[in-house]
Every structure is written in C-alpha cells, then in structure tokens.
Engineer: 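A single structure is presented below for examination.
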Amino acid sequence: MSASTHWTATATAQAVLERGGNAFDAAVAAAFVLHIVEPHLNGPGGDLVGIFQTADAATPTVLMGQGPAPAGATIEHYRGEGLDLVPGAGGLAAAVPGAVDAWLLLLRDHGTWELTDVLAYAIGYARDGHPLVAGAAVTIARVAELFRDEWTSSAALWMPEGAPPPAGTLMRNPAYADVLDSLVHASCTVRDDGPVGRAARIDAARREWKTGAVAHEASAFLAEPHRHSHGGSHRAVIAPDDFASFDAGYEPALTREFRGRTIAKAGAWTQGPALLQTLGLLEPLADELLDPSQEAGAHTILEAQKLALADRDGWFGDDDVDLESLLSPDYLEQRRSLIAETASREFRPGSPGGRAPLLPPLRTVYSAQSVATGEPTVAKNGETRGDTCHLDVIDRWGNIVSATPSGGWLQSSPAIPALGFCLGTRLQMTWLEPGRPSSLVPGRRPRTTLTPTLVLRDGMPEFAIGSPGGDQQDQWQLLALLRIIVGGYSPQQAIDAPALHTTAMPESFWPRTWTPAGAVVEDRLGDAVISGLERRGHAVTRAGDWALGRVSAVGKDAATGVLWGAANPRGMQGYAAGR
C-alpha cells in the first residue's frame, strides 16, 4: 500500500511493490520522482526526516536526512551582511543538502533493488517529461518577475518559452536526469555481485553526490552574488567540503503512549516532540475535549498546541534538550493547568526544572513580509512558508516507512544550470542571536519542521502518517490521530474532516512573525463552532472549505491483516493505492 502527496509518486511506489520490491525500494523510487513532479515542494537540494520499522525489528528507527549549517555560516558573517534574520530565499539560507544521501543510505541498508532500477522512474520523468502540476504552475507564475529579472537560470529552466507555463505543460529536466545518470554510472564502477557489491555500488553513488559535480557546481554557482528574499544581494557560504563532510544516518525514535497506542517521532532537532507533548497534555481530558469538531474540543486542542509549540521554540534544537523533563507527568500537569476557557494571547514556554527559556524575538509584522493564511504560500520574492511533500509505504512483509522530504523548492534560490535544481533554505529556521537551542552554528542542524509519525499498537506498527505544512504538520496530524484513536473515525474520514491550526507562535519560516491567539479554520467546521472560538478570544481566519491539511497514511488492520491507505483530497493531488 502506498500513499503520497502526488499521484505519480504513489504510482511509482506501487509499481515497485508490484514488481517484488519492498517498502524501502518503493519509497526511494517514489521520493526521487517527487523531486520531478513536485519541484515546488521538494528537491534534491533539500532535506528529509523519515521514520520506519523493518518487519524483523522490535522498535522504530528515524532516518536523519537533515544537513547542518555550512562551516562558513556564522552569526558574525550574516550580521556582517546587514541581516537580522536568515533570509527566506537565496543561497545564504542553504543548509547542506541531506535528502539524496539519506535516501541512498536507506536503499543500501534496507532495500533490495539495484540503484539503476530504483532511479529509472525519476530519470524517465526528468528526461521524457511529466505534466506540470497546478501548484507548481501557480508557484512559477508568482515568482516569474524574480526569475526574469534576477534569477535568470531559474527562468531558463522553468520558463523556457519566456512565460510561466500553464498547468499540464509537459516539463523536462535533462540536467537533473544527467545528475541521476551520473550516480548510476558511479555505481556501475563496482562489479562485485551479491549484497556486498550492491552496498558498495550505492556507496559509490553517495560519494559521487558528495564529492563530484553536484558539490562543486552548486558551491561555485551560488558563490556569485544573487538576490535574497529581503531584497539584498549576497554570496552563499556553502563549499564543496560541506557536502563531503555530511553523512545521513539513523537515530532511535522518541516514543510516548497515548490511549493504547505508542506514538513514535524524531528528536528535538525536529518539532516532533511537540506532538508528543500535546498528546500528553490532552490524554487525561474528557473525550469531548479531544474532538476538533466541537467548540470546546477545538478550543482545548488549540490551547494545548500553543503551549507545546511555545516549548518547541523555547527549548528545541540540535542541542542537549531535556526531553525527559518536558514530557514528564508533573511538568505536563503544570502546563495543562494553564488551559483556560478563553484563548491566551501570550507566548508561554515553560520552565522545566526551574530553568528559564530564552524567548525568541516576537514580531507581529516584519518589513517586506507577505500575508499567509491557510495553506503555506509563496511570495513574489521567493519566500515560502512551509510547503513540503510526504509519502508512506507498507509492504506485504510488514516493512513500513513514513517520510517527509522538503526543501530545495524551485523558488528557494537560483537554479544551478548544470544540475537542474537549486539548494534549499532550511537555515531560515535558525536565529541570529547566539546562545539559543536553535541559533545558527556551523555544523549544527537547523531545528526542522519535518515530522513524520509512526503509530504502534501492542508493540507492532499499526500505521504511518504525515503531512506537509511547515508549522502545521503536526497540528494537522494531531487532528487525524485524535479522530482515529479517540473518535473512532476511519483514516480516510479523519483526513477528510474539517481542519484547523494555531498561528500563535513565531513561524519557523522567514519573516518569523506570529499572531497572538491566531487560529486558522476550514469553513466546514461550521458557523456555530467558529463563532464559539471567536467568543473565546481566538483571532480566527477562515481559510475556505477544503484548504488545510494534506495528510496521508498507510497501515495494517491488526485483526484482519488487511492493509489500508488514505490520502488527502484537498487540491486533488494526493493519492493512495494498493493491492
């Protein structure tokens, strides 16, 4: 069973499964296709977080594909460039790309197919063409002026006829096809048969990615000054040695029990533990307070999320984070007591163990910012707030994987002509004030929003779930989890149901503003519930009927052994398939 944010990626994963590949072969093949068919949502210059469990494993594992800040990415350098925030678009915001190495690592260690077979799907779509999805067409149109006037290499790639292409246009990317071919060719230099030779072939491709043309072409091209989201021109600091020094890896998952399930997430270098904290805040409450479709439930969920996200911004980062205290029963009880009948307008990170958090800058406006409500949007200057993609796969043997690849959006920074893609902007999630858990530090990972989920029951994987959406990823997943686990919804019913989220925290994306008591809701939540939230003091923004959330999931019914999949109908792009 496969589900993802784009039908072609789902079809690719399913084709691999049909041909005897396992969940990891399928996920990697689909992921490289996502680079092609959702270029406005992810790219090979981006990053990923995955979580998986093999059929013979007792516990889940995190796939770490988040590259760190380059060696030259110091606060002093950025301040010297006249910046008070890392830009939301442009090469200065680029972390070391981590997605490709992570996918190749997963394929080496847990897949069964040869690299040439896995990459054949993506190479075909890149070289022969694919229909441009509507969201990508809209994105290109929004940044067309930037491309024409400043990022001319991006204009050549994405507007080859001189104008934004309409949805459905057959798009080709031969430069990226050549990059993938170079990985295949590097792998073919190893002639040994069998699993040892297969692993060596994939490692040869990893070395080519990290030390070959990609590292050198990207570094040299972005070393030329180019326009960034705030309007200034700067040189990037990323260098070939930064590419060569990064290795994707594995980490143990962080877990918490909730209403008979075990919820598994990545660590505090992601926002994942905030979902576990939110579930801990909600667990002992009455079921009606966990129902997002009722006024009291929607209010309680919003207030709990605000508390957990405040702790995220006060404490999380690629640092020594005291998650034991942040998730302890006594601390959760203390935090739970702050949930009142009316909406809080304060930013309230807690003080676990009596330690005071360092508050991030709190701005409600920032010069040159664009307005974003509902689904993350793209501004004319390339600023993007959280667009991403997602995929989930489960196979006949019981292997299961959930992954959220992102970054390297076509609008992130100028396209590198020899490569057919650009680098990402994940460093915008770091602060230019020293001493914070998420301050910009060379070699340290930015605290990412990417946050897939694995749910276990009686120690066995029950389902994998995730969503794009930046700061909303775990908020939208939370609604689905509550509706499935507490409300008894089927997974598809839970994904289809009306969504909402809070904006009452500093956004992880430039320009990092916040909306005190802000709440964004789908109109389908109903006038009575929405009016009730307003009476309670929430600053409500209506986003439309089908605007929030792009959750997908796959799983296994423990009682029957039947596999299931579910995908988001919003935007008519996500798809689930199985057999």
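Since the structure is predicted, the reported quantities are computational estimates derived from the model, not experimental observations.
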Engineer: Regarding Q492 and D496, do their side chains bring together a donor and an acceptor under 3.5 Å, going by distance alone?
Structural biologist: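 Side-chain D/A pair, Q492 to D496: present.
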Engineer: If you round to the nearest 0.5 Å, how far is OG1 of T270 from CZ of R312?
Structural biologist: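 One gets 10.0 Å once the value is rounded to the nearest 0.5 Å.
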Engineer: For E462 and K556: C-alpha separation, side-chain torsions, deciding distance, then whether salt bridge (charged side-chain N to carboxylate O under 4.0 Å, His left out) applies.
Structural biologist: CA-CA 6 Å; E462 183 180 18; K556 180 178 181 178; over 6 Å; no
Engineer: Would you call the rings of H501 and W476 parallel, tilted or perpendicular if under 30° counts as parallel and over 60° as perpendicular?
Structural biologist: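 Ring orientation of H501 relative to W476: perpendicular.
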Engineer: Tell me whether the NZ or CZ atom of R524 lies within the 45° cone about the ring axis of W546 and under 6.0 Å from its centre.
Structural biologist: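 Judged by the rule, R524 and W546 form a cation-pi pair.
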Engineer: Using the salt bridge (charged side-chain N to carboxylate O under 4.0 Å, His left out) rule, take D318 and R444 through it: C-alpha gap first, then chi angles, then the decisive distance, then the call.
Structural biologist: CA-CA 6 Å; D318 188 13; R444 196 159 77 174; 5.6 Å; no
Engineer: Let me confirm one number: the CZ-OG1 distance from F258 to T278, rounded to the nearest 0.5 Å.
Structural biologist: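 Output value for this atom pair is 10.5 Å.
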Engineer: Please determine, by modelled atom types, if W269 and E251 share a side-chain donor-acceptor pair under 3.5 angstrom.
Structural biologist: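 Short answer, yes.
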Engineer: Taking atom CG of L450 and atom OG of S406, what is their separation to the nearest 0.5 Å?
Structural biologist: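 Answer for the CG-OG pair, L450 versus S406, is 5.0 Å.
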Engineer: Rounded at 0.5 Å granularity, tell me how far CD1 in I485 sits from CZ in R259.
Structural biologist: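 With rounding to 0.5 Å, CD1 (I485) is 9.5 Å from CZ (R259).
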Engineer: For S490 and I484, which heavy atoms make the closest approach, and how far apart are they?
Structural biologist: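 In terms of heavy atoms, the two residues are closest at O-CG1, 4.4 Å.
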Engineer: What's the shortest heavy-atom distance between G565 and A576, and which atoms?
Structural biologist: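 Smallest heavy-atom distance, with atoms named: C-CB, 3.9 Å.
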Engineer: Show your reasoning for whether side chain to side chain donor-acceptor pair (under 3.5 Å) applies to T451 and K265.
Structural biologist: CA-CA 7 Å; T451 179; K265 302 292 288 184; 2.6 Å; yes
Engineer: Using the six-membered ring of W431, assess whether NZ or CZ of R512 lies under 6.0 Å from its centre and within 45 degrees of the ring axis.
Structural biologist: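 The answer is yes; both the distance and angle limits are met.
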Engineer: From T61 OG1 over to L454 CG, what is the distance, rounded to the nearest 0.5 angstrom?
Structural biologist: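 Between T61 OG1 and L454 CG, I get 10.0 Å after rounding to 0.5 Å.
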Engineer: Show the numbers, then the answer: is there a side chain to side chain contact (heavy atoms under 4.5 Å, CB included) between L290 and L285?
Structural biologist: CA-CA 7 Å; L290 277 62; L285 303 180; 3.7 Å; yes
Engineer: Is there a salt bridge (charged side-chain N to carboxylate O under 4.0 Å, His left out) between E433 and R79 once you walk through the steps?
Structural biologist: CA-CA 10 Å; E433 291 81 18; R79 289 287 187 181; 3.2 Å; yes
Engineer: As an exercise, state the distance from CG of D392 to CE of M1, rounded to the nearest 0.5 Å.
Structural biologist: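 It is 11.5 Å, given to the nearest 0.5 Å.
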Engineer: Are V520 and L500 close enough that some pair of their side-chain heavy atoms sits under 4.5 Å apart?
Structural biologist: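 Contact flag for V520/L500 side chains = no.
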Engineer: Between the side chains of D471 and S508, does any donor sit under 3.5 Å from an acceptor?
Structural biologist: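 Present: a donor and an acceptor within the cut-off.
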Engineer: Checking Q428 against T425: is there a side-chain donor and acceptor pair closer than 3.5 Å?
Structural biologist: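 The criterion, which ignores hydrogens and geometry beyond distance, is satisfied for Q428 and T425.
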Engineer: Between R542 and D523, is the closest basic N to carboxylate O distance under 4.0 Å?
Structural biologist: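 Here D523 pairs with R542 in a salt bridge, since their nearest N and O are under 4.0 Å apart.
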Engineer: Does OH in Y331 sit with more than 12 non-hydrogen atoms of other residues, nucleotides or ligands closer than 6.0 Å?
Structural biologist: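 Check passes, neighbour count above 12.
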Engineer: Hey, does W409 have a side-chain heavy atom less than 4.5 Å from the side chain of P39?
Structural biologist: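 No, too far: nothing below the 4.5 Å cut-off.
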Engineer: Kindly indicate, with the supporting measurements, whether the criterion side chain to side chain contact (heavy atoms under 4.5 Å, CB included) is fulfilled by L440 and L427.
Structural biologist: CA-CA 7 Å; L440 178 65; L427 293 187; 4.2 Å; yes
Engineer: How about L63 and L48: do any of their side-chain heavy atoms sit closer than 4.5 Å?
Structural biologist: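 L63 reaches L48 side chain to side chain.
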Engineer: Output, in order, the C-alpha distance, side-chain angles, deciding distance and verdict of side chain to side chain donor-acceptor pair (under 3.5 Å) for S402 and H390.
Structural biologist: CA-CA 8 Å; S402 180; H390 184 78; 3.3 Å; yes
Engineer: For residues 352-360, tabulate all N or O donor-acceptor pairs below 3.5 Å that involve a side-chain atom, not counting sequence neighbours.
Structural biologist:
unit_1, atom_1, unit_2, atom_2, d
R355, NH1, P352, O, 3.3
R355, NH2, D322, OD2, 3.0
R355, NH2, P352, O, 3.4

Engineer: Side chains of H35 and N42: closer than 4.5 Å at any heavy-atom pair?
Structural biologist: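 Of all side-chain heavy-atom pairs linking N42 with H35, at least one is under 4.5 Å.
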Engineer: Please test R447 against D313 for salt bridge (charged side-chain N to carboxylate O under 4.0 Å, His left out), starting from the C-alpha separation and ending with a verdict.
Structural biologist: CA-CA 9 Å; R447 196 271 302 148; D313 290 319; 3.3 Å; yes
Engineer: When you check the gap from the basic side-chain N to the acidic O, do D84 and R363 get nearer than 4.0 Å?
Structural biologist: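 Looking at D84 and R363, the cut-off is met.
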Engineer: Taking R535 first and then E295, would you say they form a salt bridge - that is, a charged N and a carboxylate O separated by under 4.0 Å?
Structural biologist: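 Yes, charged N to carboxylate O under 4.0 Å.
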Engineer: Side chains of D311 and Q277: do they bring a donor and an acceptor to under 3.5 Å?
Structural biologist: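 The answer is yes; a qualifying pair exists.
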Engineer: Got a donor-acceptor contact below 3.5 angstrom from the H299 side chain to the A340 backbone?
Structural biologist: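 Checking the backbone N and O of A340 against the side chain of H299, a donor-acceptor pair under 3.5 Å is found.
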Engineer: Are E303 and R536 close enough for a salt bridge, meaning some N to O gap below 4.0 Å?
Structural biologist: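 Looking at E303 and R536, the cut-off is not met.
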Engineer: Between the side chains of Q66 and R445, does any donor sit under 3.5 Å from an acceptor?
Structural biologist: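 No, because no side-chain N or O of Q66 sits under 3.5 Å from a partner of the opposite role on R445.
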Engineer: Cut-off 3.5 Å, side chains only: do S4 and T10 have a donor facing an acceptor?
Structural biologist: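 Yes, side-chain donor-acceptor contact under 3.5 Å.
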Engineer: Regarding E257 and T262, is there a side-chain donor-to-acceptor distance under 3.5 Å anywhere?
Structural biologist: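 E257 vs T262: donor-acceptor pair found between side chains.
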Engineer: Looking at P498 and L525, what are the two nearest heavy atoms and their distance?
Structural biologist: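 Looking at all heavy atoms of both residues, the closest pair is CB-N, 3.7 Å.
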Engineer: Would Q573 and T5 satisfy side chain to side chain donor-acceptor pair (under 3.5 Å), going step by step from the backbone distance to the final call?
Structural biologist: CA-CA 6 Å; Q573 188 171 315; T5 48; 5.6 Å; no
Engineer: Would you call the rings of W514 and F347 parallel, tilted or perpendicular, taking 30° and 60° as the class edges?
Structural biologist: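 Answer is perpendicular, since the angle exceeds 60°.
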Engineer: Work out which heavy atom in P87 is nearest to a heavy atom in A93; give both atom names and the distance.
Structural biologist: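 Closest approach of P87 to A93: O-CB, 3.2 Å.
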Engineer: So which atom in Q473 and which in S467 form the shortest heavy-atom distance, rounded to 0.1 Å?
Structural biologist: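 What the structure gives for the nearest pair is CG-O, 3.0 Å.
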Engineer: Show the nearest heavy-atom pair for residues R550 and T388, with the distance to one decimal.
Structural biologist: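 Closest pair (atom of R550, atom of T388, distance): NH1-O, 3.5 Å.
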